[in-house]
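Data first, discussion second: the structure below is written as structure tokens.
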Amino acid sequence: SFNSLGSLHVSLSKYDEALDYFLKSLAIRKELGDEDILSQTYGNLAVVYMKKKDYTTSLDYYQKALNIVEKSTNQYRKVVNYTNLSEVYIRLGKYNEAERYLTKSADLAKAMHHKEVLAEIYDKFTLLETTRARYKQAFTYLELKHKYEDSIYTEKQAKQIAEAEARYETGKKDQTIHALEPQQEFH
């Protein structure tokens with residue numbers, strides 16, 4: 001619950017309140033000894049410190065999360081941590097480290113066929129290359145980001161259309177059944 005309250009406060013840009021909740025969550029999760037959920041809280045604390053522009057503390061918490069996540073089989077959590085950690089390195093001016101983590105993240109996300117994550121990764125690549133003043137490469141990454149976002153949008157639209165068609169067909173069948181019911185009563 002404390003972790004959820006912390007996330008809520010992050011979404012409201014109330015970072016000091018979020019920190020209070022995440023630190024309470026951290027104390028409980030340390031007591032429980034479940035490293036997987038502990039890594040989540042470390043990641044959440046890192047996000048808050050990044051939002052507060054305290055990149056050194058953010059880096060410390062991401063490293064703690066990463067130490068746990070590296071041993072895990074949870075590929076998604078690895079990708080998220082690598083991607084977020086890369087932004088901290090960009091903000092700290094450690095571009096080679098940022099690129100290394102983004103590359104690892106992109107490789108995992110491609111293997112997972114996770115388009116949403118790939119769009120986020122290419123967004124971070126765009127930030128990295130823009131910060132490095134490599135605008136041509138930044139534009140290439142921006143195009144890749146939009147390609148994945150467009151693909152996601154198209155897939156969602158196709159799914160919505162298929163669902164609407166299924167509802168329409170079900171409605172037609174229901175009408176046919178209802179139209180036949182009175183006739184069956186008279187036979």
Side-chain angles (χ1 to χ4, degrees), residues 2-27 29-30 34-132 134 137-138 140-142 144-149 152:
F2 286 137
N3 198 64
S4 294
L5 286 168
S7 295
L8 174 67
H9 281 82
V10 168
S11 69
L12 297 172
S13 300
K14 295 183 176 183
Y15 304 124
D16 291 331
E17 291 91 336
L19 273 179
D20 289 340
Y21 286 115
F22 287 141
L23 290 171
K24 288 176 183 177
S25 173
L26 181 65
R29 286 180 167 186
K30 278 183 175 178
D34 184 336
E35 285 203 333
D36 189 47
I37 60 172
L38 191 57
S39 72
Q40 182 187 37
T41 301
Y42 285 141
N44 289 337
L45 284 162
V47 167
V48 172
Y49 281 108
M50 189 163 58
K51 298 276 188 188
K52 292 175 64 103
K53 299 183 184 339
D54 183 348
Y55 303 120
T56 304
T57 305
S58 179
L59 180 61
D60 290 341
Y61 278 112
Y62 274 128
Q63 289 295 348
K64 287 179 181 184
L66 201 55
N67 289 338
I68 295 168
V69 169
E70 287 286 344
K71 300 176 223 166
S72 169
T73 58
N74 187 332
Q75 301 301 315
Y76 178 77
R77 185 120 347 127
K78 285 180 187 178
V79 168
V80 168
N81 273 278
Y82 293 159
T83 305
N84 290 339
L85 184 57
S86 72
E87 184 174 353
V88 174
Y89 280 125
I90 293 168
R91 303 293 180 194
L92 290 170
K94 297 181 178 186
Y95 305 132
N96 291 336
E97 285 297 307
E99 185 173 15
R100 184 169 69 89
Y101 279 105
L102 280 172
T103 301
K104 287 172 75 167
S105 186
D107 290 344
L108 281 174
K110 286 174 187 173
M112 294 167 48
H113 305 288
H114 203 304
K115 292 179 182 178
E116 287 89 354
V117 173
L118 281 165
E120 178 68 20
I121 292 166
Y122 288 123
D123 184 56
K124 298 293 186 246
F125 266 122
T126 303
L127 173 65
L128 172 63
E129 297 305 342
T130 301
T131 306
R132 288 174 157 174
R134 296 179 180 174
Q137 189 61 39
T140 300
Y141 285 126
L142 186 61
L144 284 168
K145 173 192 170 192
H146 289 301
K147 175 184 145 196
Y148 280 103
E149 287 175 341
I152 293 163

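Hydrogens, waters and symmetry mates are skipped; everything else that's a heavy atom, side chains included, is used.
With hydrogens and angles disregarded, no donor-acceptor distance shorter than 3.5 Å links the side chain of Ser105 to the backbone of Tyr101. For the pair Asn67 (side chain) and Gln63 (backbone), a donor-acceptor distance under 3.5 Å is present. Using modelled atom types, one side-chain atom of Thr103 and one backbone atom of Glu99 make a donor-acceptor pair closer than 3.5 Å. When atom types are taken as modelled, the side chain of Lys78 and the backbone of Ser72 share a donor-acceptor pair closer than 3.5 angstrom.
Leu23 CG to Ser25 OG: the interatomic distance, rounded to the nearest 0.5 Å, is 9.0 Å. Taking CZ from Arg132 and CG from Asn96, the interatomic distance works out to 5.5 Å, rounded to the nearest 0.5 Å. From Tyr141, atom OH reaches atom CD of Glu129 across 5.5 Å, with rounding to the nearest 0.5 Å. Leu128 CG to Tyr122 OH: the interatomic distance, rounded to the nearest 0.5 Å, is 13.5 Å. Note that the CG atom of Leu118 and the CG atom of Asp123 stand 12.5 Å from one another [nearest 0.5 Å]. Rounding to the nearest 0.5 Å places OG of Ser86 at 10.0 Å from CZ of Arg91.
Side chains of Lys52 and Leu19 form a contact here, defined as non-hydrogen atoms less than 4.5 Å apart. Between Leu26 and Phe22 the shortest side-chain heavy-atom distance does not fall below 4.5 Å. For the pair Leu59/Tyr55, no side-chain contact is recorded, criterion being any heavy-atom separation below 4.5 Å from C-beta on.
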Intermediate values then yes/no, side chain to side chain contact (heavy atoms under 4.5 Å, CB included), Leu108 and Tyr76
CA-CA 8 Å; Leu108 281 174; Tyr76 178 77; over 6 Å; no

Val117/Met112 under side chain to side chain contact (heavy atoms under 4.5 Å, CB included): CA gap, chis, key distance, verdict:
CA-CA 10 Å; Val117 173; Met112 294 167 48; 5.7 Å; no

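Between Ala109 and Val79, the shortest heavy-atom distance links the atoms N-CG2, 3.9 Å. Nearest heavy atoms, Leu142 versus Thr126: N-OG1, 3.2 Å. Residues Asn44 and Ser7 share a closest heavy-atom pair of ND2-OG, 4.3 Å. Taking all atoms of both residues into account, the shortest heavy-atom contact from Gly43 to Ala65 is N-CB, 4.0 Å. In this structure, Ala18 and Gly6 approach most closely via the heavy-atom pair CB-O, 3.4 Å. The two residues Glu120 and Thr83 come nearest to each other via the heavy atoms CG-CG2, 4.0 Å.
Between the side chains of Gln40 and Arg29, a donor-acceptor pair is found at a separation under 3.5 Å. Defined by atom type and a distance below 3.5 Å, a donor-acceptor pair is present between the side-chain atoms of Ser39 and Arg77. No side-chain donor from either of Asn74 and Asp36 sits under 3.5 Å from a side-chain acceptor of the other.
Each of Arg100, Glu70, Lys124 was checked for a side-chain hydrogen bond (donor to acceptor under 3.5 Å, both in side chains) with Tyr82, and the lone residue meeting it is Glu70.
Annotation: Lys104, atom NZ; neighbour count of heavy atoms from other residues, nucleotides and ligands within 6.0 Å is above 12.
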